[in-house]
Amino acid sequence: SFARLRRLTIQMYRAAGYPAISPPLKPTSYHSTGTARMGRDPNTSVCDERCQVHDVAGLHVVDSTVLPSSGCLNSGLTVAANALRAAALA
C-alpha cells in the first residue's frame with residue numbers, strides 16, 4: 001500500500017545518508033497541476049508561455065505543474081507534447 005511504500009522509501013533514503021523530508025501525502029488518482037503557474041506576470045506565475053522560468057535563464061518547467069488542471073484524462077500525453085513544444089522554442 002501507499003503508506004508502506006512511503007515508509008520503505010524514507011528508510012532507504014535515511015540509510016543512504018539523506019534526510020527524508022517528506023510530508024504525509026494522501027494517495028490520489030490525478031497528477032499535481034497548477035503549482036508552477038504559467039503566465040506573463042512574474043508576480044503571479046513561475047514561468048512564461050514558453051515554459052521559461054522568470055528571471056532564470058535556461059531553466060524550463062516542462063512537467064504537469066505548469067498545466068492549470070489535469071482535466072478528465074491522464075495528462076501524460078499533454079505533458080509530453082508541452083515538453084516537446086518547449087524544447088522546440090528554447
Side-chain angles (χ1 to χ4, degrees):
S1 90
F2 180 79
R4 182 171 182 266
L5 178 61
R6 184 174 178 276
R7 276 193 313 274
L8 291 172
T9 302
I10 290 171
Q11 289 171 358
M12 285 189 284
Y13 271 85
R14 287 185 178 152
Y18 295 100
I21 302 171
S22 174
L25 300 173
K26 294 180 181 177
T28 60
S29 60
Y30 61 92
H31 299 276
S32 295
T33 60
T35 56
R37 178 177 285 183
M38 185 187 302
R40 293 183 179 166
D41 184 359
N43 294 318
T44 60
S45 61
V46 174
C47 59
D48 64 18
E49 58 273 3
R50 299 168 65 106
C51 299
Q52 167 79 39
V53 174
H54 297 297
D55 301 326
V56 182
L59 179 60
H60 294 78
V61 178
V62 295
D63 63 359
S64 64
T65 59
V66 298
L67 304 175
S69 70
S70 61
C72 64
L73 299 172
N74 185 312
S75 57
L77 291 177
T78 305
V79 169
N82 189 49
L84 290 170
R85 182 186 70 83
L89 295 172

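All values below were derived from every heavy atom in this structure, side-chain atoms included, with hydrogens, water molecules and symmetry-related copies excluded.
The heavy-atom pair separating A57 from Q52 by the smallest distance is CA-NE2, 3.4 Å. Between R40 and H54, the closest heavy-atom pair is O-CE1, 3.8 Å. The heavy-atom pair separating M38 from N82 by the smallest distance is CE-ND2, 4.4 Å. Between T35 and V46, the closest heavy-atom pair is O-CG2, 4.5 Å. The nearest pair of heavy atoms linking V61 to A36 is CG1-CB, 4.3 Å.
Side-chain contact between T65 and T33 is absent, with no heavy atoms from C-beta onward closer than 4.5 Å. Residues R85 and C51 have side chains in contact (heavy-atom distance under 4.5 Å, counting atoms from C-beta outward).
Not a single donor-acceptor pair under 3.5 Å links the side chain of H60 to the backbone N or O of A83. Side chain of R14 to backbone of P19: no donor-acceptor contact under 3.5 angstrom is found.
At a threshold of 4.5 Å between side-chain heavy atoms, the hydrophobic network of Ile, Leu, Val, Met, Phe, Trp and Tyr places L59 and L89 in two separate groups. Placement of L67 and L84 in two distinct hydrophobic clusters is found when ILVMFWY residues are connected by side-chain heavy-atom separations under 4.5 Å, directly or transitively.
Within a 6.0 Å sphere centred on CG of L8, heavy atoms belonging to other residues, nucleotides or ligands number more than 12.
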